Amino acid sequence: MSEFKGISPETMMLLAENRFNNSKAFYDAHKEEIKAGVTKPLYALINDLSPLMSNLDPEMCLIPSKMISRIRRDTRYTKDKSLYREHIWVMFMRHKKQWSDQPCMWFEASPDGMNWGVGIYDCRPAAMECFRRRLDEKGGEFLKAVESAKSVGAEPSLSLYKKDRSEGKDQKLKLYYNARELYFITPLSSLEKLFDGSVEKQLEKAYKAFEPMYKFLLEITEEMTEKGGV
């Protein structure tokens, strides 16, 4: 039986109010309410999805405390000095110490809506060079993974190099040869299915469809690891 029962509209409103107040006093006064409304449900969601994700990648980190966003923001390296965030997320990937050059799948929600996707996190130029070699060797496999991701509504979101790296390449792959970062992400959708908990079924379907892309990108992680680059 599913542990995840959803996150209430009141909880999402509380997150917005907490960010608006931007006050430690306000947060401390509502800390337990936020934990009950956000942290516990996200832990339940992770526990429900863990068998699926572990089967997809046995090395995936499935410790809830290491996977969910913190409400208190780290403002040391950003111009935005707001103390608290109003959006929440779960990141399905390997351990934090391996963050560079590896794929992830995620779920994210804010008062404005929710989305989920698959992509490669914190890619260095060497990793993207490896990605382009993979396209040369397994372009057909990659395109099948693209179609699988698109089958659940995810579309490519790319940061592109200014210099064209796709000369002479398959027309269907040209866009991807120029990618500096690569994500497939669903459009922002309403929170209704978050409120009633049925988003979990959507995530199960999506993550199964994302598996070919995740595993294609995981080959980059493994090659970089073999080279001592991660």
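From a predicted model like this one, the values you see are computed outputs, not experimental measurements.
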Which heavy atom in [X] sits nearest to a heavy atom in [Y], and how many Å separate them?
| X | Y | value |
| --- | --- | --- |
| Met93 | Met60 | O-CG, 3.4 Å |
| Leu45 | Phe4 | CB-CD1, 3.8 Å |
| Thr221 | Gln102 | OG1-CA, 2.9 Å |
| Met53 | Leu62 | CB-CD2, 4.0 Å |
| Leu175 | Leu160 | O-CD2, 3.9 Å |
| Ser157 | Ile185 | CB-CG2, 4.0 Å |

- By ring pair (Phe, Tyr, Trp, His ring centres under 6.0 Å), which residues pair with Phe195, not counting sequence neighbours?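 With sequence neighbours excluded, Phe195 shows a ring pair (Phe, Tyr, Trp, His ring centres under 6.0 Å) to no residue whatsoever.
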Are any side-chain N or O atoms of [X] and backbone N or O atoms of [Y], one a donor and one an acceptor, separated by less than 3.5 Å?
| X | Y | answer |
| --- | --- | --- |
| Asp48 | Glu3 | yes |
| Ser148 | Lys144 | no |
| Ser8 | Thr11 | yes |
| Asp170 | Lys172 | yes |
| Asn55 | Pro51 | no |
| Arg165 | Asn178 | no |
| Arg134 | Phe216 | no |

Do the side chains of [X] and [Y] join up, straight or via other hydrophobic residues, at under 4.5 Å, putting them in one cluster?
| X | Y | result |
| --- | --- | --- |
| Trp89 | Leu188 | no |
| Ile34 | Met13 | no |
| Leu52 | Phe107 | yes |

Min side-chain heavy-atom separation [X]-[Y] under 4.5 Å:
| X | Y | result |
| --- | --- | --- |
| Glu219 | Glu137 | no |
| Ile68 | Ile88 | no |
| Leu182 | Leu217 | yes |
| Phe210 | Leu56 | no |

- Message: salt bridge (charged side-chain N to carboxylate O under 4.0 Å, His left out), that's the test. Do Asp136 and Lys169 meet it? Break it down for me.
- Response: CA-CA 8 Å; Asp136 288 338; Lys169 304 299 184 181; 3.1 Å; yes
- Message: Could you measure the distance from the CD atom of Glu17 to the CE atom of Met12? Nearest 0.5 Å is fine.
- Response: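 Rounded to the nearest 0.5 Å, the CD-CE separation comes to 12.0 Å.
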- Item | Pairing residues for Glu192 by the side chain to side chain contact (heavy atoms under 4.5 Å, CB included) criterion, not counting sequence neighbours |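 Partners of Glu192 under the side chain to side chain contact (heavy atoms under 4.5 Å, CB included) test: Ser190.
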- Query: Under 4.0 Å between a Lys/Arg side-chain N and an Asp/Glu carboxylate O for Asp164 and Lys174?
  - Reply: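 No, Asp164 and Lys174 are not salt-bridged.
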Extract all donor-acceptor atom pairs below 3.5 Å that involve side chains of residues 109-117 and protein atoms in other chains or at least two apart in sequence.
residue: Ser110; atom: OG; partner: Asp112; partner atom: N; Å: 3.1
residue: Asn115; atom: OD1; partner: Trp106; partner atom: NE1; Å: 3.0

- Message: Would Arg70 and Arg85 count as a side-chain contact (heavy atoms from CB on, under 4.5 Å) here? Give the steps.
- Response: CA-CA 8 Å; Arg70 297 180 182 273; Arg85 57 173 53 91; 4.1 Å; yes
- Message: Between Ser82 and Arg73, does the side-chain contact (heavy atoms from CB on, under 4.5 Å) criterion hold? Intermediate values first, please.
- Response: CA-CA 7 Å; Ser82 302; Arg73 298 178 64 249; 4.0 Å; yes
- Query: Could you give all pairs that pass the ring pair (Phe, Tyr, Trp, His ring centres under 6.0 Å) test and reach residues 154-182, with sequence neighbours left out?
  - Reply: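 Counting only pairs at least two positions apart or across chains, the ring pair (Phe, Tyr, Trp, His ring centres under 6.0 Å) contacts touching residues 154-182 are Phe142-Tyr176.
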- Audit row: Arg133, Glu223, side-chain contact (heavy atoms from CB on, under 4.5 Å) steps and yes/no: CA-CA 11 Å; Arg133 288 198 302 271; Glu223 180 173 328; 2.4 Å; yes
- Which pairs pass side-chain hydrogen bond (donor to acceptor under 3.5 Å, both in side chains) with one or both residues in residues 195-208, sequence neighbours excluded?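 Only Ser2-Glu200, Asp196-Ser198 qualify under side-chain hydrogen bond (donor to acceptor under 3.5 Å, both in side chains).
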- Message: Enumerate the side-chain hydrogen bond (donor to acceptor under 3.5 Å, both in side chains) contacts for residues 31-44, please, sequence neighbours excluded, ordered by first and then second residue.
- Response: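 For residues 31-44: none.
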- Any chance you could lay out the side-chain contact (heavy atoms from CB on, under 4.5 Å) test for Leu42 and Met67, step after step, and finish with the verdict? CA-CA 9 Å; Leu42 290 182; Met67 301 168 64; over 6 Å; no
